[in-house]
Protein chains: 2
Amino acid sequence: MFRQSNLGERLDSAVSCLSPAGSAPFAALVALEQIGGRRSYQQDEEIYGELDPADCWYKVVSGTVRICKLLADGRRHIAEFCFAGDCFGIDLGRERLFSAEAVGDVTVMRFPRGATERLIDEQPELARHICDMALRSLAHAQSRMLLLGRMTASERVAHFLLELAERRDARRFVDVPMSRNDIGDYLGLTIETVCRVLSSFRREGTIAIPTPHRIELCDRDALEAAGEG
Amino acid sequence: MFRQSNLGERLDSAVSCLSPAGSAPFAALVALEQIGGRRSYQQDEEIYGELDPADCWYKVVSGTVRICKLLADGRRHIAEFCFAGDCFGIDLGRERLFSAEAVGDVTVMRFPRGATERLIDEQPELARHICDMALRSLAHAQSRMLLLGRMTASERVAHFLLELAERRDARRFVDVPMSRNDIGDYLGLTIETVCRVLSSFRREGTIAIPTPHRIELCDRDALEAAGEG
DNA sequence: ATGCCGCCTTGATCCAGGTCAACCGCTGCT
DNA sequence: AGCAGCGGTTGACCTGGATCAAGGCGGCAT
């Protein structure tokens, strides 16, 4: 639908972190690059917090970002992980509803909202592209709702590993930049349950865990079977 | 941001069922109405099924629609309920990932996808409006993920009642067109748990249940407290 | 090197919500 | 009227995953 751009990076995401269609029109993307500024964050540094003004959006250059929310009683929910090429922080309201934090060291491009809206007015194709990304994210959010609402712990973890492998273009060895705690909060499980499921997959020979942050998919079929009834 | 339209109906939704911003530009909406056709469905009739071609989208005129997915083993997940004014079936792919069914008797407007895309090309403002709707739905999907991933049964049901009241503009008496089963599949609970939580709210005087499909919110504060820690 | 600290892993126990089952009450059919 | 069927409600019991607790292990500072 859209002409292939040579900027190379995808405009991925999901819920205020939009997922990639094809590529946006070349001219629009070049113009976008003009208004963005580069910025880096250390491990666990906050990129923005809940209730901060939502006056800009971001694209991950390198590293991993988590989009999350903390409830009053300490429960935490991670809405999304964003990897290199993914966009996040595209919100409608004036204030952030979620916070964004660096999982490891992270570099991002930062785009002011005002300039982007002006750009959209000049280049209507851009609106269509963002619309596309939003709809794609919506579909992703849908499948996550299904996962959170109706899937068992094993199904969630299997699904997570496969998603991770796909999004990071990994065939056999997947590196897992986030902590077990982060995984738990992303999947609606506790850290202990995540560990136990991973261990049981390992015992069954489905995966190997050379280090906690590197997982080998030994039997992808078994994983896919575990990921969906 | 957008001029108020006098078409009266909102373009609501969430995940392939988009939520309302303000109103789209008048001219664009008038043009939209031109290409739509009206159609009615009986209770539990399928409007479209999974894997059907996604060649059109819909707007609810009257009644309630459920957007859902059935897993192989019979587990069902309801992604969204759509009420009068809400849009649904705006998908990116060629095939439906979810099905849409009439909760009760339903009347919808049906819009061909091709004609809509041509209209968007002519009226770029429309793309921006759809983008807006998609982002709004994304925010809604986010909060549902939090609910499904991290909230207790009581919190889910309280949240559901408040959401229902708000979306249907009800102050004290909320009518509940869907079955307990539908509610369970929407909230990631069983029918029995939904019943039990409703009964416990009733026992505490938070709500009254004159009929199964009509609920009185007697103590909204208590409900709001139950809906969020 | 050594000791501390944070993250991961594993085991033991608990409980919220699922499962199974009975029954109620309404509706529609004979 | 009588009865069958279906959705809703309630009770008894079970279980998957949470919670609580105890190490293990690697990295880093002293």
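Here is how names work: the chains are called A, B, and so on, in the same order as the sequence lines, proteins then strands, and each is numbered from 1. Everything quoted here is computed from the prediction, not taken from an experiment.
- Between the CG atom of B/L187 and the C1' atom of C/dG18 there is a distance of 15 Å, given to the nearest Å.
- Atom CD of A/E80 is separated from atom OG of A/S137 by 8.0 Å, given to the nearest 0.5 angstrom.
- Aromatic ring centres of A/Y58 and A/F111 lie farther apart than the 6.0 Å criterion allows.
- Residue contacts for B/S179: at a heavy-atom cut-off of 4.0 Å it reaches the sugar-phosphate backbone alone, with no base atom in range.
- Look at CG on B/D73: it is 15 Å from P on C/dG18, rounded to the nearest Å.
- Residue A/H213 contributes atom NE2, which lies 13 Å from atom C1' of C/dT9 at whole-angstrom precision.
- Using a 4.0 Å heavy-atom cutoff across all strands shown, A/G184 reaches no nucleic acid atom at all.
- The distance between atom CD1 of A/I183 and atom C1' of C/dC8, rounded to the nearest whole Å, is 11 Å.
- Here the closest heavy-atom approach between residue A/A141 and residue B/A141 is recorded as CB-CB, 3.7 Å.
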Give each protein N/O atom lying under 3.5 Å from an N/O atom of nucleotides 20-26 of chain C, with the pair distance.
{"from": "C/dC20", "atom 1": "N4", "to": "B/E192", "atom 2": "OE2", "distance (Å)": "3.0"}

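- At distances below 3.5 Å, at least one donor-acceptor pair connects side-chain atoms of A/D73 with backbone N or O atoms of A/R75.
- Judged as a side-chain contact (heavy atoms from CB on, under 4.5 Å), and not counting sequence neighbours, the contacts of B/R214 are B/F173, B/D175, B/P210, B/T211.
- Scanning DNA chain D 5' to 3' for nucleotides with an atom closer than 4.0 angstrom to a non-hydrogen atom of chain B gives a first and last hit of D/dG8 to D/dA12.
- Spacing between atom CG of A/L198 and atom C1' of C/dT10 amounts to 13 Å, rounded to whole angstrom units.
- In this structure, B/N181 atom CG and C/dG18 atom P are separated by 12 Å, rounded to whole Å.
- The residue A/R156 sits apart from the nucleic acid: no heavy atom pair falls under 4.0 Å.
- At distances below 3.5 Å, not a single donor-acceptor pair connects side-chain atoms of A/R113 with backbone N or O atoms of A/I90.
- A straight line from CE of A/M151 to P of C/dG18 spans 16 Å, rounded to a whole angstrom.
- Positionally, the nearest nucleotide of DNA chain C for A/I191 lies more toward the 5' end than for the other of A/I191 and B/A153.
- Closest approach of B/G205 to B/D219, counting heavy atoms only: O-CB, 4.2 Å.
- Side chain of B/R202 to main chain of B/I209: no donor-acceptor pair is present (N/O by atom type, distance under 3.5 Å, no hydrogens or angles).
- With 3.5 Å as the limit, one finds a donor-acceptor pair spanning the side chains of B/H140 and B/E163.
- Side-chain nitrogen and oxygen atoms of B/T190 include at least one within less than 4.0 Å of the OP1 or OP2 phosphate oxygen of C/dG18.
- In this structure, the CZ atom of A/R202 is 8 Å from the P atom of C/dT9, given to the nearest Å.
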